[in-house]
Student: 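The following block contains the structure, expressed as structure tokens.
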Amino acid sequence: MPKNIKTHLYCYDDHRGFSEDVRKRFTDQSRYTVVSFQTREEFINHLLEEKEYDFCKVAILGLHDTKEQFEMIDKLTVEIKKIDPKTGLILLGPPDKMEIIKKTLKFNIDAYIPKNTNSILRVHNTVKKLISEHSIRIFRKKRNLSIYVLVGFLLLSILFTLFAYFKLPKYF
């Protein structure tokens, strides 16, 4: 890749339980921007402001033990995907409630990660995977454009050759 893709990490952490660990893990300012939010409104407003830009975006959502928060996060994930469907979603939850979380929040989630000692490492690996998928999407668009230009040039060359064959048969 010729340049570094700037990745924006949005942490929704109402108790500030993991956002500082994420900031410590992603310290390279030229590659990562880590923004933390404590309220849902700030989080959604920031995503609405950033929806026009085509950089890699990853939302990291922290969960707690209550069933009401699971339902609120489910609505939040649907709203995030409505704003920008290309935003990656990572859920950090309590290890003993992961099966309930997976049953409650079935759709639009890229990774379910239990909170433990190696959860930040797993977040880092998942972010790397999402960056790779974003790069593949970009290069797929460039490849398709190149193929269209090549096919157009070949068709134009064939048409020009046929035109020359019928108009100037002495050269063939």
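All values below were derived from every heavy atom in this structure, side-chain atoms included, with hydrogens, water molecules and symmetry-related copies excluded.
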Student: Can any side-chain N or O of K81 pair as donor or acceptor with the backbone N or O of L89 at less than 3.5 Å?
Tutor: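 No, the answer is negative, given that no donor and acceptor are paired below the 3.5 Å cut-off.
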
Student: Using modelled atom types only, decide if a donor and an acceptor are shared between the side chain of R31 and the backbone of T7 within a distance under 3.5 Å.
Tutor: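 No; zero donor-acceptor contacts below 3.5 Å.
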
Student: Under 3.5 Å, is there a donor-acceptor pair between the side chain of D74 and the main chain of F70?
Tutor: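 No, because the side chain of D74 does not come within donor-acceptor range (under 3.5 Å) of the backbone of F70.
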
Student: State, to 0.1 Å, how close M72 and R40 come at their nearest heavy-atom pair, and which atoms those are.
Tutor: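 That closest heavy-atom pairing would be SD-CD, 3.8 Å.
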
Student: At their closest point, which heavy atom of S30 faces which heavy atom of K6, and how far apart are they?
Tutor: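 Taking every non-hydrogen atom into account, O-CD, 3.7 Å.
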
Student: Relative to the ring of H46, is the ring of Y10 parallel (under 30°), tilted (30 to 60°) or perpendicular (over 60°)?
Tutor: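 It falls in the perpendicular class, over 60°.
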
Student: Is it true that K82 and E79 make a salt bridge, defined as a side-chain N closer than 4.0 Å to a carboxylate O?
Tutor: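 The answer is no: the pair does not qualify as a salt bridge.
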
Student: Under 6.0 Å from the CZ atom of F55, do we count more than 12 heavy atoms belonging to anything else shown?
Tutor: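 It does: F55 CZ has more than 12 such atoms within range.
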
Student: What are the two closest non-hydrogen atoms of Q38 and E42, and how far apart are they?
Tutor: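 Minimum heavy-atom contact is N-OE1, 4.1 Å.
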
Student: How about F43 and Y12: are their ring centroids closer than 6.0 Å?
Tutor: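 Here the rings of Y12 and F43 have centres that are less than 6.0 Å from each other.
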
Student: Working to the nearest 0.5 Å, report the span between CG of L159 and CG of L162.
Tutor: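 With rounding to 0.5 Å, CG (L159) is 6.5 Å from CG (L162).
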
Student: Considering all heavy atoms of both residues, which atom of V22 and which atom of C11 are nearest to each other, and what is their separation?
Tutor: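 Closest approach of V22 to C11, heavy atoms only: CG1-SG, 3.9 Å.
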
Student: Taking the side chain from K57 and the backbone from E50, do they hold a donor-acceptor pair closer than 3.5 Å?
Tutor: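 Looks like yes, one N/O pair under 3.5 Å.
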
Student: Out of curiosity, K86 NZ to L130 CG, how far, rounded to the nearest 0.5 Å?
Tutor: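 Interatomic distance, K86 NZ to L130 CG, rounded to 0.5 Å: 14.0 Å.
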
Student: I need the T87 OG1 to H8 NE2 distance, nearest 0.5 Å.
Tutor: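 Output value for this atom pair is 11.0 Å.
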
Student: Could you tell me whether the side chain of D13 and the main chain of F18 form a donor-acceptor pair under 3.5 Å?
Tutor: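 It does hold such a pair.
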
Student: I want to check something: taking the side chain as every heavy atom from C-beta on, are V123 and I60 in contact at a cut-off of under 4.5 Å?
Tutor: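 The answer is yes; the side chains approach within 4.5 Å.
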
Student: Output yes when a side-chain donor or acceptor of N116 lies under 3.5 Å from a complementary backbone atom of S119, and no otherwise.
Tutor: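 Confirmed, N116 side chain pairs with S119 backbone.
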
Student: Any side-chain heavy atom of I90 sitting closer than 4.5 Å to one from L61?
Tutor: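 No, too far: nothing below the 4.5 Å cut-off.
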
Student: Taking the side chain as every heavy atom from C-beta outward, state whether I80 and I83 have any pair of such atoms under 4.5 Å apart.
Tutor: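 Not touching, per the 4.5 Å side-chain cut-off.
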
Student: Is there a donor-acceptor pair closer than 3.5 Å between any side-chain N or O of N108 and the backbone N or O of T77?
Tutor: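 Not at all, since once roles are kept as given, no pair shorter than 3.5 Å links the two residues.
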
Student: Could you report the tightest heavy-atom contact between G62 and Q69, atom names first, then the distance?
Tutor: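 Here G62 and Q69 meet closest at O-NE2, 3.6 Å.
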
Student: Within 45° of the axis and under 6.0 Å from the centre of the six-membered ring of F139, does NZ or CZ of K141 qualify?
Tutor: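 Here K141 fails the 6.0 Å and 45° test against F139.
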
Student: So which heavy atom on G93 is nearest to which on I101, and how close?
Tutor: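 Scanning both residues completely, I find the closest heavy atoms to be CA-CD1, 4.1 Å.
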
Student: Measure the OH-CZ distance between Y165 and F160 for me, rounded to the nearest 0.5 Å.
Tutor: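 It comes to 16.0 Å.
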
Student: Drop me the distance from I113's CD1 to H124's NE2, to the nearest 0.5 angstrom.
Tutor: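 So the CD1 of I113 and the NE2 of H124 are separated by 12.0 Å.
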
Student: Rounded to the nearest 0.5 Å, what's the gap from NZ on K128 to CD1 on I131? Could you check?
Tutor: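 The CD1 atom of I131 is 5.5 Å from NZ of K128, to the nearest 0.5 Å.
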
Student: Please determine whether side chain to side chain contact (heavy atoms under 4.5 Å, CB included) holds for the pair R23 and S36, giving the CA-CA distance in whole Å, both sets of side-chain angles, and the decisive distance to 0.1 Å.
Tutor: CA-CA 9 Å; R23 281 187 203 281; S36 178; 3.3 Å; yes

Student: Checking side chain to side chain contact (heavy atoms under 4.5 Å, CB included) for the pair F37/L47: CA distance, chi angles, key distance, verdict?
Tutor: CA-CA 11 Å; F37 302 98; L47 286 177; over 6 Å; no

Student: Please evaluate residues Y148 and N144 with respect to the criterion side chain to side chain contact (heavy atoms under 4.5 Å, CB included), reporting the C-alpha separation (whole Å), side-chain torsions for both, the decisive distance (0.1 Å), and the verdict.
Tutor: CA-CA 6 Å; Y148 294 147; N144 289 345; 4.3 Å; yes

Student: Answer whether the closest heavy-atom distance between the side chains of L121 and R25 falls below 4.5 Å.
Tutor: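 Yes; the side chains approach each other to less than 4.5 Å.
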
Student: Using the rule that two of Ile, Leu, Val, Met, Phe, Trp, Tyr join whenever any of their side-chain heavy atoms come within less than 4.5 Å, decide whether L63 and V78 are in one cluster.
Tutor: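 Different clusters: L63 never reaches V78 through Ile, Leu, Val, Met, Phe, Trp or Tyr contacts under 4.5 Å.
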
